[in-house]
Amino acid sequence: MILLDFPLYLMETLKRWCSLCGCIIVFMFLTTVSKGLACEAPSSPQCFKRKAEEAFYICEWSMNTTESDVTFDLYFFDENFGSTNTTWYEIHEDRLIKTRSVDIWVEAYVGNSSCTSTKRSVTLSQTVKYEAPQKISISWLKNGLKLRWAAVEQNSALAEVRFQRHDEHHTELWENRTTNTTIESSMYQVIVTNMSKHSAYRVQIRHRPTQPRNPLWSDWSPVVMVPAELERSPEVSVTTRLVNGTRRVMLTWKPMPHTASVGKVNYTLKDTQSSRGCPCEERTHHFKWNKYTTYISYSAANISVIARNAAGYSPPAIIQVPAVPAADLKSCDKTLLNEKLNKQTCLELYDLQDGDSRSENVITLTGRKKKKEREQIRESIKDYVRYLYFEHTCDGDRKPRTVKRCLFYKKEGVPLREPQDFTPSSETDHSVDLSWKAIPSVDQRGFLTHYSLCRVKISSQEEHKDCQNISASLINHRLENLTPGTKYNISLAGVTRVGEGPRATITINTQPKKPVNGTRLTELTLMFKLL
Ligand SMILES: *[C@@H]1O[C@H](CO)[C@@H](O)[C@H](O)[C@H]1NC(C)=O
Ligand SMILES: *[C@@H]1O[C@H](CO)[C@@H](O)[C@H](O)[C@H]1NC(C)=O
Ligand SMILES: *[C@@H]1O[C@H](CO)[C@@H](O)[C@H](O)[C@H]1NC(C)=O
Ligand SMILES: *[C@@H]1O[C@H](CO)[C@@H](O)[C@H](O)[C@H]1NC(C)=O
Ligand SMILES: *[C@@H]1O[C@H](CO)[C@@H](O)[C@H](O)[C@H]1NC(C)=O
Ligand SMILES: *[C@@H]1O[C@H](CO)[C@@H](O)[C@H](O)[C@H]1NC(C)=O
Ligand SMILES: *[C@@H]1O[C@H](CO)[C@@H](O)[C@H](O)[C@H]1NC(C)=O
């Protein structure tokens with residue numbers, strides 16, 4: 001059968017038989033009938049409900065025309081439903097014959113001419129056509145691409161997905177997949193397997209109900225651009241500069257791969273200082289450039305950068321910014337721990353128990369916290385433990401700035417242990433060299449103000465204890481003015497403000513008195529000793 005479009009004046013169906021070369025050609029229905037040139041026939045109308053339970057049918061059609069003034073009459077089983085200037089018509093189901101097949105068509109009027117669409121025979125009952133899927137969200141899974149959009153009804157739908165690898169010229173072939181959707185929190189969901197995560201795609205979806213007897217496919221959704229998966233974290237390079245109590249951290253990274261950047265890529269930057277509540281505003285930044293400058297205080301922070309596109313996000317790039325090293329920290333003269341804090345201030349206490357400032361042991365106190373919470377935080381500060389105390393503030397433009405760093409004990413005690421490996425060497429007749437290792441900081445339990453170094457002559461009548469104070473920063477000392485040929489007990493203890501810790505004790509013998517003159521005699525003494 002050949003359908004011909006005759007630009008003729010024939011008003012009715014034309015059938016013509018023609019016999020040629022022994023075969024029969026049927027010139028069939030001249031269904032498109034035009035009166036005048038300005039009118040090109042509209043498509044035959046499609047009538048359906050948007051959802052099974054709706055009471056209204058929509059009949060819609062289309063027409064190619066440049067005229068603005070077009071009206072249509074909708075015919076349903078010879079009944080004219082009247083004129084409209086839209087390309088659709090809404091009719092209550094009670095006005096329609098639904099259970100048997102009837103003809104429907106449209107007549108269009110353009111200026112002085114009119115034209116009629118093809119007739120279509122339809123049984124309307126259970127004819128449902130959904131709206132095209134909208135607002136489709138996409139994400140790459142291990143095994144394929146997950147597509148989600150709003151569910152029209154409670155029942156699962158049938159979905160057809162068409163996709164084409166994205167290239168500039170749109171030359172790649174379209175592929176189609178038809179699957180049943182699942183429903184999750186009022187969203188239809190399908191997973192299209194065997195798509196490559198390394199490619200970008202153009203995707204369209206249409207869907208139709210599964211329950212009604214006469215389901216129609218919806219229109220195709222708008223084209224969705226699906227970027228490739230962001231497989232790698234951004235490659236970030238960092239430069240930091242100390243600026244008056246704060247650090248200016250400049251981060252730059254390479255653009256994401258081309259295929260993953262289809263559509264748009266955004267970045268999210270977070271720093272751990274803000275996740276600990278210190279010190280300024282919420283410090284999660286979203287932006288679209290591949291560089292960013294931020295400010296962090298002097299304490300250690302991790303900064304993470306994540307790239308996001310429409311189909312997911314990259315693993316985070318984690319930049320570890322160590323604390324600004326501080327040599328010779330003093331003990332705190334004064335802290336704000338028991339003061340009323342303003343909202344700009346944040347205190348941090350790093351537990352230096354193990355000699356390092358690991359961030360998991362940090363106590364954070366800010367003016368933003370509730371009173372009760374602040375009390376609990378204060379109570380969690382332990383006695384006899386050395387803390388590294390930071391005082392940060394927020395400058396007007398939300399830059400965190402470190403105002404103070406010092407060492408802090410909530411309460412001091414006496415050292416728990418003696419100085420370690422207390423050893424004498426190079427005894428002479430009047431002196432001895434002493435060396436030792438510092439008391440481990442966890443055992444100091446307070447600031448050492450000094451060491452107390454004492455000597456006692458043994459086996460003399462007057463067991464007089466003779467002590468002196470030596471600097472807490474020393475680890476060796478020459479003890480002078482000893483009596484030759486004498487046995488001494490020598491002891492060393494660390495001292496804090498609260499008192500003295502246990503003593504390390506050694507016993508030494510000074511050499512006999514040397515004759516005033518020279519080495520020979522020393523040799524003689526040695527020989528004498530050997531004998
Ligand atoms: C309108 O024109 C387009 C392109 O020429 C064609 O594909 C389409 O079928 C036409 N629509 C109708 C209702 O004739
Ligand atoms: C339409 O008909 C009117 C009067 O019958 C006439 O004046 C007009 O020129 C016609 N227009 C066209 C486009 O044929
Ligand atoms: C969808 O589900 C129906 C009924 O559960 C089944 O008959 C049909 O084959 C399924 N279609 C596809 C494409 O999986
Ligand atoms: C550093 O900060 C302090 C306090 O805000 C300010 O008074 C001082 O001028 C600043 N110095 C520099 C070099 O910016
Ligand atoms: C930064 O990250 C490392 C590794 O995950 C972690 O050990 C460290 O405690 C973190 N530092 C901060 C300041 O959060
Ligand atoms: C050592 O220091 C303590 C405390 O400062 C002081 O009381 C004591 O007199 C000092 N001892 C000597 C021998 O200087
Ligand atoms: C000297 O030290 C020893 C061992 O520590 C101890 O037994 C002795 O009593 C001490 N002597 C004096 C006089 O302190």
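The first residue in the sequence is number 1, and the count goes up from there. Read the numbers this way: they start at 1 and go in the same order the structure lists the ligands and their atoms.
- Residue N302 has at least one heavy-atom neighbour below 4.0 Å for each of these atoms of ligand 5: 1 (C), 2 (O), 3 (C), 8 (C), 10 (C), 11 (N), 12 (C), 14 (O).
- A salt bridge between K372 and E375 is absent, with no side-chain N of the basic residue lying under 4.0 Å from a carboxylate O of the acidic one.
- At least one protein heavy atom sits closer than 4.0 Å to atom 3 (C) of ligand 3.
- Two residues are said to be in side-chain contact when any heavy atoms from C-beta on lie closer than 4.5 Å; V226 and F163 fail this criterion.
- For the residue pair T252 and S237, a side-chain donor N or O sits within less than 3.5 Å of a side-chain acceptor on the partner.
- The N/O atoms of N180, backbone and side chain alike, include one that comes under 3.5 Å of an N/O atom in ligand 3.
- Remark: minimum distance from atom 5 (O) of ligand 7 to any protein heavy atom is reached at T505 CG2, 4.1 Å.
- The contact set between ligand 3 and T178, taken as ligand atoms under 4.0 Å from a residue heavy atom, comprises 13 (C).
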**Message:** Quick one, C467 with C454, criterion disulfide bond (SG atoms under 2.5 Å apart). Give me CA distance, side-chain angles, the key distance, then yes/no.
**Reply:** CA-CA 4 Å; C467 293; C454 300; 2.0 Å; yes
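- At a threshold of 4.0 Å, the pair D466-K457 does not count as salt-bridged, since none of the basic side-chain nitrogens sits closer than that to a carboxylate oxygen.
- Polar contact check, N489 against ligand 7: a nitrogen or oxygen pair lies under 3.5 Å apart.
- For the cysteines C332 and C406, the sulfur (SG) atoms lie within a distance shorter than 2.5 angstrom of each other.
- Protein heavy atoms are absent from the space less than 4.0 angstrom from atom 9 (O) of ligand 3.
- Near V456, meaning under 4.0 Å from one of its heavy atoms, ligand 7 places the atoms 13 (C).
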